[in-house]
Amino acid sequence: MAFFFFYAALLLYLIATGGFIVYVVNQQKWVFRTSYWFLLAGFVCHTVFIGSRAYALGTIPVLNLKSSLSFFSWSIVLIYLVFHKKFGLMILGSFAAPLAAFLMIISSAMPWLTTPVKPVFKSTWLIMHIISIFLGNGLLAITFLAAVMYLIQEREIKNKHLGLIYRRLPSLATLDSVSYYSLVYGFPFMTIGMITGSIYAQLALGSYWQWDPKEVWSLITWLFYAALLHERLAVGWRGRKAAIMSIICFGMLLFTFFGVSIWMGGYHSFSSLGAR
Amino acid sequence: MSTILNIGMNHQTAPVELRECLAGDPMNSKKALNRMRSSNSIKEAFFLSTCNRVEALVVTDDKDRALDTVISLMAGLGNLPREIFSDHLYSYEDMEAVRHVFRVASSLDSMVVGEPQILGQIKSAYVEATKEKTSGVIINRLMHRAFHVAKRVRTETGISEAAVSISYAAVELAKKIFHELRGKKVLLIGAGEMAELAGRHFMNNGVTTMTVANRTFERAVEVSQQFDGTPVSLEEIPLQLLEVDIVLSSTASPEVVITRDMVKGCLRKRRNRPLFFIDIAVPRDIDPKVNDLENVYLYDIDDLRGITESNLAQRQLEAAKAERIVEEEVVKFEKWLKTLAVVPTLVALREKAEAIVQSELSRSNALISSLNPTQREAVLRLSRSIVEKILNDPILFLKGKAGRSTLPTYLDITRKLFRLDDNGQKE
């Protein structure tokens, strides 16, 4: 039954994505509103799915790449919905929904594995670690999307090419502040996630830090984001430079998320999560 | 049947000297409405006077006399002989008039197609007409339809989307950079007419602080007073660049006034807040390389002209779409107007039926008064619904004939069949 909700969420996200893309072209408000409701319905299904998996497993369902991707997608949609309430930036949906749908498609293409959950994964610290890391990821994904939109809009204005894209994208100031706010809120979540993760590691594995590849790359990503935040707050970076940096940082984040898990092994990798 | 008559002049038919004679006095439209109300050839009236057009819209049974009244009225308002006027006037009748009103309201007949002010002007002129009680069934409906058409044109076409004047384009761009202009600071360099115009446009869009720099300081003082701003000398520009967000330059200087290095030097101190330069001077005042700096945007007069021209072309395309909407709405209005001919007969029919019900009820008064209230209510409802059911088909039939050439015959037959015209006389 839980899987039904998974596919329902995937389908609804896809419909919403299609709608958001149509909205970019024809700019009809009702298209946006309809797509928004589809996304919201998809989010509800997704939440039910994750909730029921969490109940069945007794812990948060991120123990393999498939369910992590789904959880990542869920956090992006959650953050988008919150940002929509705050900023009312309609065009953001046309960027966030495709990203969420894309992650869900990859997730759906992977096989369902049912491995028994080891008791060590049923820990509050682990749940806190996962939730804050993923909320951080969702927020930083928005930082990334806003940065991409900023760069596009900035190019249009600089090159005096004031066509369809220029008209549809919001102002530079808006995009920069969305990127800024999502960074300012995303970074603390990331930090908390890393601290709780290391506490969990101490409790479960007996050491705060083990030079595991994922730990190392997370730290590097964290340092990059810290540098970006510092430049923004202290030096007054904004606009293009900050946008490019946000995109690089998000690239690092994705590498840490996918690359390290798939190619570098270590106790964080999904193969070892099931195997040991 | 009444005729809808539209008489007026606009920027195409009349020179500005003539239009300003009429537009000068704000009390004119009130006077005009009063005059038209007192004329017995005019049943309904509406009067619009803006700097680009003067229009009278009347509903009349005697169109020649009404036309005459309106022309002499306009000549009277402008204190001009009517011969001068008549060459510059256009007049439309019925559906032509309806189409014209719809086109004016949706800004298809404006000097700058798509300019939104006209709708507001029509709305206030209509309010005036309702205050003076010169509008009736037809004008009320026509005006509301005109507002509806204007709204459809605005939402369904991109006609009023794009900027077509240079200062408008500059403000639009600034909004795409800063999101909102409230609290932003503008520096005006050189005090030409165009700069003043653009400056005023920025003020209307929320800019509160204006600084004016000019070669001759007296002129800077003079211009800055208009904007409640601060005058500065040209030497202070580098300092001002640390403060302001938007720079509008239009000096007659043959050399560059703002260099790339001057701008580059201040960026870090500004903490990279964006700077928007608008250079409307020829030869240019601002080094074009300034545009390569980060968070700095430079548009010169040709860039802005490029925007307004491509927008103008875009508007013309959208205007074709708008004309189609207007046509649709004219057809709808025509349909409504035709049902108007049926209305008196339908009303008479219903009145007669109601009168019969009342008289029959009072004839059976003795019987009815012996009933309890619920029963009395039931009898009343029963008799009414029988009457309604009987009349339903004839009414639908007549409505269906609205606009057909056979309508007068059917109306006549109906009136005879139900004896609607000598009601009460022979009873």
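Lettering of chains follows the sequences in order, A, B, ..., and the numbering in each one begins at 1. Bear in mind the structure is a predicted one, so any value in this text is a computation, not a measurement.
- Interface remark: A/A234 contributes backbone atoms only to the contact with chain B (heavy atom separation under 4.5 Å).
- Annotation: the span from A/D176 atom CG to B/I177 atom CD1 amounts to 13.0 Å, rounded to 0.5 Å.
- Heavy-atom neighbours of B/K332 NZ from other residues, nucleotides or ligands within 6.0 Å: above the threshold of 12.
- Using a 4.5 Å cut-off between heavy atoms, B/R268 contacts chain A through its side chain alone, with no backbone atom that close.
- Proximity to chain B (any heavy atom under 4.5 Å) is shown, for A/L175, by neither the backbone nor the side chain.
- No side-chain heavy atom of A/P170 sits less than 4.5 Å from a side-chain heavy atom of B/H179.
- In this structure A/W222 satisfies the ring-ring contact (aromatic ring centres under 6.0 Å, His included) test together with A/F187, sequence neighbours excluded.
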(Q) Please evaluate residues B/L173 and A/Y166 with respect to the criterion side chain to side chain contact (heavy atoms under 4.5 Å, CB included), reporting the C-alpha separation (whole Å), side-chain torsions for both, the decisive distance (0.1 Å), and the verdict. (A) CA-CA 10 Å; B/L173 265 166; A/Y166 163 80; 3.8 Å; yes
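- Under a cut-off of 6.0 angstrom, the local environment of CZ in A/F189 is sparse, with at most 12 non-hydrogen atoms contributed by other residues, nucleotides or ligands.
- For B/F147, the CZ atom counts as densely surrounded, since its 6.0 Å shell holds more than 12 non-hydrogen atoms of other residues, nucleotides or ligands.
- Other residues, nucleotides and ligands contribute over 12 non-hydrogen atoms within 6.0 Å of the CZ atom of A/F258.
- Side-chain contact check for B/K176 versus A/I157: some heavy-atom pair is nearer than 4.5 Å.
- Here CD of B/E156 is found 8.0 Å from CD of A/Q28. Values are rounded to the nearest 0.5 Å.
- Crowding of A/K160 atom NZ: a count of heavy atoms from other residues, nucleotides or ligands under 6.0 Å exceeding 12.
- When the side-chain contact (heavy atoms from CB on, under 4.5 Å) test is applied to B/K151, the partners found at least two apart in sequence or on another chain are B/R154.
- Here the straight-line distance linking atom CZ of A/R238 with atom CG of B/N295 works out to 7.5 Å at 0.5 Å rounding.
- Proximity to chain A involves both the backbone and the side chain of B/N272, based on heavy atoms less than 4.5 angstrom apart.
- Neither the backbone nor the side chain of B/L304 has a heavy atom closer than 4.5 Å to any heavy atom of chain A.
- Environment of CZ in A/F38: sparse, with no more than 12 heavy atoms of neighbouring residues, nucleotides or ligands closer than 6.0 Å.
- Considering only heavy atoms from C-beta on, B/Y299 comes within 4.5 Å of A/L162 through its side chain.
- Side chains of B/R271 and A/W237 form no contact here, defined as non-hydrogen atoms less than 4.5 Å apart.
- The NZ atom of A/K158 sits 6.5 Å away from atom CG of B/D292, with the distance rounded to the nearest 0.5 Å.
- The interface of residues 245-254 of chain A with chain B, defined by heavy-atom distances below 4.5 Å, is empty.
- Atom CG of A/N26 has more than 12 heavy atoms from other residues, nucleotides or ligands within 6.0 Å.
- More than 12 heavy atoms of other residues, nucleotides or ligands sit less than 6.0 Å from atom CZ of A/F87.
- At a 4.5 Å heavy-atom cutoff, the contact between A/Q153 and chain B is made by side-chain atoms alone.
- Contacts of B/R200 classified as side-chain contact (heavy atoms from CB on, under 4.5 Å), with partners at least two apart in sequence or in another chain: B/N204, B/Q226, B/F227.
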